[in-house]
Amino acid sequence: MKILITGVAGFIGSNLADCLIEKGYSVKGIDNLAYGVKEQIPEGVDFHQLDIRSKKIYPLFEGVDHVFHLAAKNCISDCQADAVETADINVTGTVCVFEAARRAAVKKIVYAESSAVYEGSDLFPTPESEIKPESFYAASKVASMYFAEAYKKFCDSRFTGLRYFNVYGPRQDYRRTIPPVMSAFVIKLLKGRSPPIYGTGEKKRDFIYVDDVNDFHLQCITDARTDGKVYNVGSGKNYSVNEIYQIISELLGIHKPPIHKPELAGETEVTLADITEATGLGWQPKVDIREGLQKMIAWIKRNVA
Ligand SMILES: NC(=O)c1ccc[n+]([C@@H]2O[C@H](COP(=O)([O-])OP(=O)(O)OC[C@H]3O[C@@H](n4cnc5c(N)ncnc54)[C@H](O)[C@@H]3O)[C@@H](O)[C@H]2O)c1
């Protein structure tokens, strides 16, 4: 079984590649290394440094059974700063990947949407029907969804859209100007510095450990019930940024007051996934927040700090 992953040098892509290789799949990967890191692409991946917006990617899809399309510009504040590039990478790039897959008659395309599509909703937990994008990033993900809908009608490939909530675990991108909260907190505290908290810290997020996400990735390529569907991929529980800071401080045994900074643009107050659709397939998130954070801290201690 041959699998192609776009965004293979990124956080979710590199963890997925590890998981697929361990299961015996043959993995090809594409990434332009704009945000990803070459060193974290697992050994055994047939890697191609290319931009998903280039037609040069087309031949790589020949003979591929399934595609995971994860490459994207995905930091909300970066996307707010450049709507044109956001649309170029996340919409044009996505269509280029769908087109490459169609031409090569790929059996299945699993592509990344985001919980950001629910930004304007105040229904919690949020079901898949509740699409209310606000930011440029969210708009680009909804546009991808509509292109997937159109491709579904006009080609034989099967599609599954995944609305990831806040995924965390080893290799979470800590190099960005504004890194995700968990890696930012752990790295700063281990270095003896106070991490920043933007706004009051009362924003709540649904966090899901990357191994649980990979279990669902595997389900998408082995379970025909996922064909043509879109799923929330979250834990169904949420924690405030302050609560996460508290748990990380306890796990590290390091207690420092955070530095409060102004609110970031485009960030919603609450996310909480309604995971009825995904759990209805037999999938369940298994890793609890303390266990997941402990694994992530161990990885950061070994590889970063
Ligand atoms: N991590 C999360 O919590 C989360 C939440 C919701 C949605 N998502 C979505 O899941 C996907 C993967 O996210 P991630 O956290 O692994 O992000 P990431 O930034 O770690 O990985 C994305 C990868 O895409 C690559 N890329 C970007 N533009 C490219 C281009 N034009 N051509 C080729 N490669 C390009 C980057 O270099 C990077 O390696 C993204 O589509 C993201 O929007 C992630």
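Numbering of ligands and ligand atoms starts at 1, following listing order. Nothing here was measured: the structure is a model prediction, and the numbers come from that model. Note that these values count all heavy atoms, side chains included, but never hydrogens, waters or copies made by symmetry.
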Phe207 and Tyr239 aromatic ring geometry - parallel, tilted or perpendicular at 30°/60° bounds: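 Correct class here is tilted.
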Short N or O distance, Tyr137 and ligand 1, threshold 3.5 Å exclusive: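 Min N/O separation from ligand 1 is below 3.5 Å for Tyr137.
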Tyr209 and Glu291 side chains, donor-acceptor separation under 3.5 Å: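 Short answer, no.
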Pair Ser144, Glu113: side-chain N/O donor-acceptor within cut-off below 3.5 Å: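 On atom types as modelled, these side chains do not qualify, holding no pair under 3.5 Å.
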Hydrophobic cluster membership, Phe61 vs Phe159, 4.5 Å side-chain cutoff: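 The answer is yes; both residues are in one hydrophobic cluster.
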Common cluster, Tyr174/Tyr35, ILVMFWY with side-chain heavy-atom separation under 4.5 Å: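 The answer is no; the residues belong to distinct hydrophobic clusters.
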Backbone N/O of Ala71 and side chain of Thr6: donor-acceptor pair under 3.5 Å: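 The answer is yes, because a donor-acceptor pair under 3.5 Å joins these two groups.
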Provide the number and element of each atom of ligand 1 under 4.0 Å from a heavy atom of [X].
X      : answer
Tyr164 : 5 (C), 6 (C), 7 (C), 8 (N), 9 (C), 10 (O)
Ala34  : 37 (O)
Val167 : 2 (C), 3 (O)
Ile89  : 28 (N), 31 (N)
Arg53  : 31 (N)
Asn166 : 3 (O)
Lys141 : 40 (C), 41 (O), 42 (C), 43 (O)
Leu50  : 32 (N), 33 (C)

Heavy atom of the protein closest to [atom] (residue, atom name, distance):
atom                    : value
atom 24 (O) of ligand 1 : Ala71 CA, 3.3 Å
atom 20 (O) of ligand 1 : Phe11 N, 2.8 Å
atom 42 (C) of ligand 1 : Asn74 ND2, 3.5 Å
atom 5 (C) of ligand 1  : Phe165 O, 3.1 Å
atom 29 (C) of ligand 1 : Asn32 OD1, 3.3 Å
atom 21 (O) of ligand 1 : Gly10 CA, 3.4 Å
atom 44 (C) of ligand 1 : Ile12 CD1, 3.8 Å
atom 39 (O) of ligand 1 : Asp31 OD2, 2.6 Å

Lys/Arg-Asp/Glu bridge criterion (N-O < 4.0 Å) met for Lys204, Glu202: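 Salt bridge flag = no for Glu202 with Lys204.
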Lys108/Asp227 ion pair, N-O < 4.0 Å: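 Result for this pair is yes, salt bridge flagged.
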Trace of the side chain to side chain contact (heavy atoms under 4.5 Å, CB included) decision for Ile89 with Arg53: CA-CA 7 Å; Ile89 298 174; Arg53 292 165 287 181; 3.6 Å; yes
Pair Phe98 + Phe147: ring centers closer than 6.0 Å: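 No: the rings miss the under 6.0 Å criterion.
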Tyr111 ring center within less than 6.0 Å of Phe68 ring center: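 No.
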Under 4.0 angstrom from ligand 1, any heavy atom of [X]?
X      : value
Gly93  : no
Gln172 : no
Arg171 : no
Leu33  : yes
Tyr168 : no

Shortest non-hydrogen contact from Lys55 toward Cys96: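 Lys55 and Cys96 have their closest heavy atoms at N-SG, 4.4 Å.
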Pick from Ala72, Ser115, Gly36: the one approaching atom 22 (C) of ligand 1 most closely through a non-hydrogen atom: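 The residue whose heavy atom sits nearest atom 22 (C) of ligand 1 is Ala72.
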Leu70, Asp78, Asp51: member with heavy atom nearest to atom 41 (O) of ligand 1: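 Heavy atom nearest to atom 41 (O) of ligand 1 belongs to Leu70.
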Derivation of the salt bridge (Lys or Arg N to Asp or Glu O under 4.0 Å) call for Lys286 and Asp212: CA-CA 6 Å; Lys286 299 188 194 96; Asp212 284 329; 5.2 Å; no
Interatomic distance, Glu85 atom CD to Asp78 atom CG [nearest 0.5 angstrom]: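 CG of Asp78 is found 9.0 Å from CD of Glu85.
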